[in-house]
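Report on one structure; see the data block that follows.
Every chain is numbered from 1, with letters handed out A, B, ... down the list of sequences. Note that the structure is predicted; figures quoted are calculated from it, not measured. The basis for the numbers below is simple: all heavy atoms, side chains too, and nothing from hydrogens, waters or symmetry mates.
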Protein chains: 2
Amino acid sequence: MDIGTFSALAEPNRLRIVELLAHGPLTVGEIAERLNLRQPQASKHLRVLLEARLVSVHADANRRNYALQMEPLQEMDAWLNNYRRIWNERFDNLDHYLQELQSKPEQ
Amino acid sequence: MDIGTFSALAEPNRLRIVELLAHGPLTVGEIAERLNLRQPQASKHLRVLLEARLVSVHADANRRNYALQMEPLQEMDAWLNNYRRIWNERFDNLDHYLQELQSKPEQ
DNA sequence: AAGGAATATTCCTGTCAAGGAATATTGAAG
DNA sequence: CTTCAATATTCCTTGACAGGAATATTCCTT
């Protein structure tokens with residue numbers, strides 16, 4: 001698991017940017033406006049997200065369109081797989097326990 | 001999505017602690033030993049993980065057993081759901097594209 | 001060529017977090 | 001009650017990072 005992903009998402013404004021870009025690519029100005037950020041800060045946060053490969057840029061003349069990149073999130077997803085096993089096991093144990101209760105209803 | 005989870009995991013040693021605890025609860029000393037950390041740093045990192053609810057403690061006399069807690073990871077999992085939709089869509093699009101190619105093999 | 005819009009970068013400052021070293025706490029055993 | 005083992009906490013220093021303000025860059029328009 002690449003820690004850069006966690007670091008990038010550990011900042012409130014950057015997390016909001018990611019969630020905003022989930023609905024489609026946006027320009028720096030649009031992001032700054034919707035999140036009530038000053039333009040330089042928006043740029044800086046986007047730079048960090050870019051280095052974490054969480055977004056990509058596509059220059060369109062004066063403007064720059066930032067789009068969400070799924071790879072780091074997919075990596076997170078894959079990383080979580082190890083833990084899903086664990087919490088499923090625990091759930092299974094609970095399940096077995098409940099079935100035990102069912103099979104001996106009045107004890 | 002709780003940012004505290006990302007912040008806690010954004011530190012290499014803490015991520016390693018979490019991955020270590022995936023195999024079962026451990027004591028502070030065991031964690032420090034296996035990760036080549038000094039005991040105070042291990043304690044401090046565990047404190048952060050505790051505040052992020054990523055681990056729980058169970059005092060056993062002199063020792064303290066730390067165990068992984070799944071809730072924050074499950075929350076991450078739920079948060080990722082929004083994005084799984086997106087990358088599945090894109091995969092579907094690619095899929096359609098490949099089928100188009102198949103239906104017009106020699107063009 | 002000049003001006004303006006969109007964006008990036010730089011400099012500065014304050015805050016926060018991490019590691020090292022030392023020390024405090026807690027519990028068990030003699 | 002003293003000692004020792006396991007763990008937590010404190011103090012200190014250093015480095016990273018975020019925001020503000022100002023400035024640089026790039027590209028379009030006229």
Side-chain angles (χ1 to χ4, degrees), chain A residues 1-21 23-69 72 76, chain B residues 1-21 23-69 72 76:
Chain A
M1 178 67 207
D2 181 19
I3 282 213
T5 306
F6 287 141
S7 309
L9 296 176
E11 208 279 334
N13 291 314
R14 285 199 291 266
L15 184 61
R16 291 167 70 203
I17 290 179
V18 165
E19 290 174 342
L20 193 54
L21 290 181
H23 306 115
L26 287 176
T27 200
V28 178
E30 292 167 328
I31 295 174
E33 184 192 0
R34 303 203 192 183
L35 299 187
N36 274 312
L37 298 178
R38 314 197 181 263
Q39 176 266 319
Q41 325 302 334
S43 273
K44 286 189 239 181
H45 284 309
L46 285 165
R47 194 188 203 293
V48 175
L49 291 173
L50 196 60
E51 282 164 0
R53 304 179 168 269
L54 275 161
V55 301
S56 62
V57 217
H58 170 251
D60 174 29
N62 227 359
R63 322 209 158 165
R64 291 178 164 236
N65 276 301
Y66 282 86
L68 193 57
Q69 290 297 106
M76 265 187 50
Chain B
M1 178 66 209
D2 180 20
I3 282 212
T5 307
F6 287 141
S7 308
L9 296 176
E11 208 279 334
N13 292 314
R14 285 198 292 266
L15 185 60
R16 290 168 71 205
I17 291 180
V18 165
E19 291 174 342
L20 193 54
L21 291 181
H23 306 114
L26 287 176
T27 199
V28 179
E30 294 168 328
I31 295 174
E33 185 191 0
R34 303 203 192 182
L35 298 187
N36 274 313
L37 298 178
R38 313 194 181 266
Q39 175 268 318
Q41 324 302 334
S43 274
K44 285 189 238 181
H45 284 309
L46 285 166
R47 194 188 204 293
V48 176
L49 290 173
L50 195 61
E51 282 165 0
R53 305 177 166 269
L54 275 161
V55 301
S56 62
V57 218
H58 169 252
D60 174 27
N62 227 359
R63 324 210 156 163
R64 290 177 166 237
N65 277 302
Y66 283 87
L68 193 58
Q69 290 296 106
M76 264 188 49

>> Between P on D/dC17 and NE2 on A/His45, what's the gap in Å once rounded to a whole number?
In response: 12 Å
> When every nucleotide of nucleotides 24-30 of chain D is labelled 5' to 3' by its protein contacts under 4.0 Å (heavy atoms), B for base, S for sugar-phosphate only, - for none, what sequence of letters results?
Replying inline: --BBS--
> For DNA chain D, which residues in residues 34-41 of chain B have a heavy atom at a distance below 4.0 Å?
Replying inline: B/Gln39, B/Pro40
> Looking at D/dT7, C/dT7, C/dG19, which one has an atom nearest to any side-chain atom of A/Arg63?
Replying inline: C/dT7
> Once you round it to whole Å, what is the distance between P of C/dA17 and CZ of B/Arg14?
Replying inline: 9 Å
> Separation of B/Lys44 atom NZ from C/dA22 atom C1', in whole Å?
Replying inline: 11 Å
>> Could you tell me how far apart B/Leu46 (CG) and D/dT7 (P) are, to the nearest whole angstrom?
In response: 10 Å
>> For the CD atom on B/Glu51, are there more than 12 heavy atoms of other groups (residues, nucleotides or ligands in this structure) within a distance under 6.0 Å?
In response: yes
> For the pair made of CG in B/Leu9 and P in C/dA18, what is the distance, rounded to whole Å?
Replying inline: 12 Å
Filtered N/O pairs between nucleotides 13-15 of chain C and protein, under 3.5 Å:
none

> CZ of B/Arg64 versus C1' of C/dT26: gap in Å, rounded?
Replying inline: 8 Å
> Starting at the 5' end of DNA chain C and moving along, which residue's nearest nucleotide shows up first, A/Glu30 or B/Glu11?
Replying inline: A/Glu30
>> Whole angstroms only, please: what is the CG-P distance between A/Leu50 and C/dT7?
In response: 14 Å
> What is the distance, rounded to the nearest whole Å, between atom CD1 of A/Ile3 and atom P of C/dA18?
Replying inline: 11 Å
